[in-house]
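All heavy atoms count here, side chains included; hydrogens, waters and symmetry mates do not.
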Amino acid sequence: MKKIIIAAVSRNNVIGYNNSIPWNNPEELHHFKETTINHIVLMGRKTFESIGNTLKDRVNIVLSKKDVQLEQFDNLFHFTTLQSAIKYADDLQDNKIFIIGGSDIYAQTIDIADELLISRMPFEINGNRYFPKISNKSWMLKEKINMQSFVLEKY
């Protein structure tokens with residue numbers, strides 16, 4: 001199973017502000033949906049809470065050490081360790097799991113991911129959550145695709 005980090009990141013590496021994305025980009029949201037649909041998505045508790053619901057047509061996995069009340073949601077699974085979440089996802093026999101945030105989850109998974117899909121926003125913005133540094137020793141930029149409102153970087 002391929003572990004793929006997918007993120008929208010500003011020029012100054014901001015991914016969030018006060019538990020939300022500090023911009024609205026319909027083209028990037030469409031890209032995110034089309035890329036992750038019918039696959040597994042892994043996220044932290046704060047990211048799940050900011051979304052407010054499960055992402056439709058995806059297996060949703062929330063990683064949190066805290067006990068969270070998720071019984072009211074369909075297709076949502078909670079794990080307290082990254083290893084148990086990955087093991088569960090692997091047992092589902094999907095060929096991809098998309099790691100969708102937030103900053104703590106990205107930091108925990110950047111060294112075990114197989115691929116990065118970074119939607120690079122063409123601006124700097126204030127925020128309080130950041131994407132981890134992409135090391136040139138660990139990652140090689142394979143492709144840049146110019147979209148209308150952002151650049152998709154594939155590592």
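- By the salt bridge (charged side-chain N to carboxylate O under 4.0 Å, His left out) test, Lys2 is found to be paired with Glu115, residues two or more places apart in sequence or in another chain being considered.
- Distance check, rounded to the nearest 0.5 Å: CD1 of Ile6 to OG1 of Thr35 gives 4.5 Å.
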I'd like to know whether Ile97 forms a side-chain contact (heavy atoms from CB on, under 4.5 Å) with Ile4, so could you lay out the CA-CA distance, the side-chain angles of the two residues, the decisive distance to 0.1 Å, and finally the verdict.
CA-CA 6 Å; Ile97 181 171; Ile4 303 166; over 6 Å; no
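- The main-chain N or O of Ser135 is never found under 3.5 Å from a side-chain atom of Ser138 such that the two would form a donor-acceptor pair.
- Every residue two or more places apart in sequence or in another chain that forms a side-chain contact (heavy atoms from CB on, under 4.5 Å) with Thr109 is listed here: Ile5, Leu82, Ile99, Ile105, Ile112.
- Not counting sequence neighbours, the partners of Lys33 by the side-chain contact (heavy atoms from CB on, under 4.5 Å) test are Ile37, Arg58.
- Between Ile40 atom CD1 and Asn75 atom CG the span is 10.0 Å, to the nearest 0.5 Å.
- Residue-environment remark: CD (Gln148) stays at or below the threshold of 12 foreign heavy atoms within 6.0 Å.
- Under a hydrophobic clustering in which Ile, Leu, Val, Met, Phe, Trp and Tyr are joined whenever their side-chain heavy atoms come within less than 4.5 Å, directly or via other members, Met121 and Ile145 fall into the same cluster.
- Using bins of under 30°, 30° to 60° and over 60° for the plane-to-plane angle, the ring pair Phe48/Phe73 lands in the perpendicular bin.
- Rounding to the nearest 0.5 Å gives a distance of 10.0 Å between OG1 of Thr36 and CG of Asp57.
- Partners of Lys144 by side-chain contact (heavy atoms from CB on, under 4.5 Å), not counting sequence neighbours, listed by chain and number: Leu141, Val151, Glu153.
- Under 3.5 Å, the side chains of Glu28 and Ser119 contain a donor-acceptor pair of N or O atoms.
- For the 3.5 Å distance criterion, the side chains of Asn13 and Arg129 fail to qualify, holding no donor opposite an acceptor.
- The salt bridge (charged side-chain N to carboxylate O under 4.0 Å, His left out) search around Asp90 returns none, not counting sequence neighbours.
- Asn136 pairs by the side-chain contact (heavy atoms from CB on, under 4.5 Å) definition with nothing, not counting sequence neighbours.
- Within the 4.5 Å cutoff, no side-chain heavy atoms of Ile15 are placed close to those of Ile21.
- With sequence neighbours excluded, the residues that form a ring pair (Phe, Tyr, Trp, His ring centres under 6.0 Å) with Trp23 are Phe123.
- Summarising the geometry of Ser10 relative to Arg120, their closest heavy-atom pair is O-NH1, 3.5 Å, with the distance given to 0.1 Å.
- A donor-acceptor contact shorter than 3.5 Å links the side chain of Asn128 to the backbone of Asn18.
- Of all heavy-atom pairs spanning Asn126 and Val14, the tightest one is O-CG1, 4.2 Å.
- Partners of Tyr88 under the ring pair (Phe, Tyr, Trp, His ring centres under 6.0 Å) rule, at least two apart in sequence or in another chain, are Phe77, Phe79.
- The shortest side-chain heavy-atom distance between Met43 and Ile51 falls under the 4.5 Å cut-off.
- Phe32 pairs by the ring pair (Phe, Tyr, Trp, His ring centres under 6.0 Å) definition with nothing, not counting sequence neighbours.
- Judged by distance alone, the side chain of Asp114 and the main-chain N or O of Lys3 form a donor-acceptor pair under 3.5 Å.
- Partners of Asp91 under the salt bridge (charged side-chain N to carboxylate O under 4.0 Å, His left out) rule, at least two apart in sequence or in another chain, are Lys87.
- Checking Ser50 against Thr47 by side-chain atom types alone, no donor-acceptor pair falls below 3.5 Å.
- A 4.5 Å side-chain heavy-atom check between Val41 and Val59 finds every atom pair outside the cut-off.
- Ser149 is linked by a side chain to side chain donor-acceptor pair (under 3.5 Å) to Asn25, Glu27, counting only residues two or more places apart in sequence or in another chain.
- Scanning all heavy atoms of the two residues, the minimum distance from Asn38 to Asp94 falls at O-OD2, 3.7 Å.
- Residue Arg45 holds its CZ atom at 8.5 Å from CG of Asn19, rounded to the nearest 0.5 Å.
- Going from atom CD1 of Ile118 over to atom CG of Leu152 covers 9.0 Å, rounded to the nearest 0.5 Å.
- The closest donor-acceptor contact from the side chain of Asn60 to the backbone of Leu55 lies under 3.5 Å.
- Counting heavy-atom neighbours within 6.0 Å of Glu143 CD, excluding the residue itself, gives a total above 12.
- For the residue pair Leu42 and Ala85, the shortest heavy atom distance occurs at CD1-CB, 4.1 Å.
- Surrounding NZ of Lys46 are at most 12 heavy atoms belonging to other residues, nucleotides or ligands under 6.0 Å away.
- Tyr130 and Ile125 fall within the same hydrophobic cluster, defined by Ile, Leu, Val, Met, Phe, Trp and Tyr side-chain heavy atoms under 4.5 Å apart, directly or through other members.
- Applying the ring-ring contact (aromatic ring centres under 6.0 Å, His included) test to pairs two or more places apart or on separate chains, those with a residue in residues 93-114 are His39-Phe98, Tyr106-Phe131.
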Criterion side-chain contact (heavy atoms from CB on, under 4.5 Å) on Gln108 and Leu63, from CA distance to verdict
CA-CA 11 Å; Gln108 288 178 52; Leu63 183 60; 4.0 Å; yes
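- For Ile86, the CD1 atom sits in a packed shell: over 12 heavy atoms of surrounding residues, nucleotides or ligands are nearer than 6.0 Å.
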